[in-house]
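Here's the structure we're looking at; comments come further down.
Values below: all heavy atoms of this structure, side chains included; hydrogens, waters and symmetry mates excluded. Lettering follows sequence order; numbering is per chain, from 1.
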There are 2 protein chains.
Amino acid sequence: MAAAKKPVDRRAQIVEAASKSFAMFGYKATTMELVSKIAAVGKGTIYTFFATKEELFSEIIGQLSKELREVAERTIDHDRPFFDNLSEALHELLLFREKHELIVKLSQEVRDIGTPMAKDGIARLEQGILAFIQQEVSYGIDKGELRGANPQLTAFVMLRLYLALSLEWSKQHKPLSRKEAAGYFGELLRDGLAVR
Amino acid sequence: MAAAKKPVDRRAQIVEAASKSFAMFGYKATTMELVSKIAAVGKGTIYTFFATKEELFSEIIGQLSKELREVAERTIDHDRPFFDNLSEALHELLLFREKHELIVKLSQEVRDIGTPMAKDGIARLEQGILAFIQQEVSYGIDKGELRGANPQLTAFVMLRLYLALSLEWSKQHKPLSRKEAAGYFGELLRDGLAVR
DNA sequence: AACTGACCAAAATTTCAATCCGGTCATTCG
DNA sequence: CGAATGACCGGATTGAAATTTTGGTCAGTT
């Protein structure tokens, strides 16, 4: 219903062109003129569909966020134990993230020049992941696999911990193998550190 | 032995002056000229004791790191349970950090303009904390309170987790009280999340 | 009616002279 | 005579003006 079919769907052309440009040059260096060139469309036409550059960007982040969620959802199998699902899903998300050029480019842009809009985009993606984890945590609590303290905080801790283990640790040490990371992560979250 | 006593100890004068200036204006805005003025000393005299501005700064970070360690050491009582000590010590360190003007100023400078030398200083302080935690973790393992996986990684995870809980969480949510944070932190690390 | 690109004001970038700063060293002081 | 000093140097930084770029508009074209 949203997408009527025409000889050529200009809106889709534009979104695709913008997507490429944002991934290739980042938010700041992507100009509306450039997008119009790639889309083979007059600059004015873009403004028929999107009121501002930010709105166009937002549409693309929205699509990407949805895609991210689908990746995560696809790796979850509610018949398996909670912690297996969790570290599997986080691993898939991390791979996706590392491979997806737009995300890589935006992260770099945030790091190097701190473009506020790029920050915003990354934050939205992270927020989406957080919401997903929280949903799974709540499910795990319902199923009785998980102790039921504050699911929001728990989801937050899980994400931070996973990122620390898989990204930050390797900044100063030999990176953990996928197996080591998942093992340590799962063990710590499941059973804690105390000798019992 | 290192500090001979003279009518006035110029070296100490200089270090104190520099310390004040770094805390007041940050690394970048502290000029050698300014330090010499505060220390009531000719600029050239500074170079009798420190070859470069960086070396002077390094000396001060070294002192501060030692001070930090003393604060942590003072709150540890090896007769108490490991996790009590841990969250107590981390809390003390956080308070110290928040109160210490030099650390606050340097953090701000890193955030706002990313001065490499300031980054470096903060990194060294964090490294010191990490080494301290690691030592305590090893001790906890020896005493049989802690499961004995990779102490370095464990220390790293503990610090990240504590910082996430006490600093990052509050960027987007109502901050946790000291009690909530310590409670959640201790419980998660000690016992994990799984229902048993 | 859909589309275009020349056009505009605001923002970003470049340029470049003026200033500043870390570090040196010939001179001074005690 | 040796410790201390501050004028001095060149490279880096800053600020402001000039120039270019860019998000967004809209009169004109198809």
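Residues passing the side chain to side chain donor-acceptor pair (under 3.5 Å) test with Glu187(B), sequence neighbours excluded: Arg147(A). With sequence neighbours excluded, no residue forms a ring-ring contact (aromatic ring centres under 6.0 Å, His included) with Phe49(B). Looking at residues two or more places apart in sequence or on another chain, you find a side chain to side chain contact (heavy atoms under 4.5 Å, CB included) between Gln172(B) and Gln127(A). Under the side chain to side chain donor-acceptor pair (under 3.5 Å) criterion, Asp112(B) pairs with Gln108(B), sequence neighbours left out. Glu109(A) meets the side chain to side chain donor-acceptor pair (under 3.5 Å) test with Thr115(A); sequence neighbours excluded. Residues satisfying the side chain to side chain donor-acceptor pair (under 3.5 Å) test with Ser138(B), not counting sequence neighbours, are none. With sequence neighbours left out, Phe96(A) forms a ring-ring contact (aromatic ring centres under 6.0 Å, His included) with His100(A).
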For nucleotides 23-26 of chain D, list the nitrogen or oxygen atoms of the protein found under 3.5 Å from its nitrogen or oxygen atoms, one pair per line.
residue : atom : partner  : partner atom : Å
dG23(D) : OP1  : Thr30(A) : O            : 3.3
dG23(D) : OP1  : Lys53(A) : NZ           : 3.0
dG23(D) : OP2  : Met32(A) : N            : 2.6
dG23(D) : N7   : Lys43(A) : NZ           : 3.3
dG24(D) : OP2  : Tyr47(A) : OH           : 3.3
dG24(D) : OP2  : Lys53(A) : N            : 2.6
dG24(D) : N7   : Lys43(A) : NZ           : 2.9
dG24(D) : O6   : Lys43(A) : NZ           : 2.2

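The separation between Ile113(A) atom CD1 and dT13(C) atom C1' is 13 Å, rounded to whole Å. With rounding to whole Å, Arg11(B) atom CZ is found 13 Å from dA4(D) atom P. Per the geometry, CD1 belonging to Ile46(B) stands 18 Å off P belonging to dA3(D), to the nearest Å.
Applying the side chain to side chain donor-acceptor pair (under 3.5 Å) definition to pairs two or more places apart or across chains, those involving residues 23-32 of chain A are Ser21(A)-Thr30(A). Pairs of residues two or more places apart, or lying in two chains, that qualify as side chain to side chain donor-acceptor pair (under 3.5 Å) and include a residue from residues 11-20 of chain B are Arg11(B)-Glu59(B).
Taking a cutoff of 4.0 Å between a charged side-chain nitrogen and a carboxylate oxygen, Arg160(A) and Glu126(A) qualify as a salt bridge.
Each end of the helix from dA1(C)-dT30(D) to dG30(C)-dC1(D) gets its own rotation axis from five pairs of C1' atoms, and the angle between them is 10° to the nearest 10 degrees.
At the phosphate of dA4(D), OP1 or OP2 sits under 4.0 Å from a side-chain N or O atom of Arg10(B).
Contacts between residues 14-26 of chain A and DNA chain D, defined by a heavy-atom separation under 4.0 Å, are absent.
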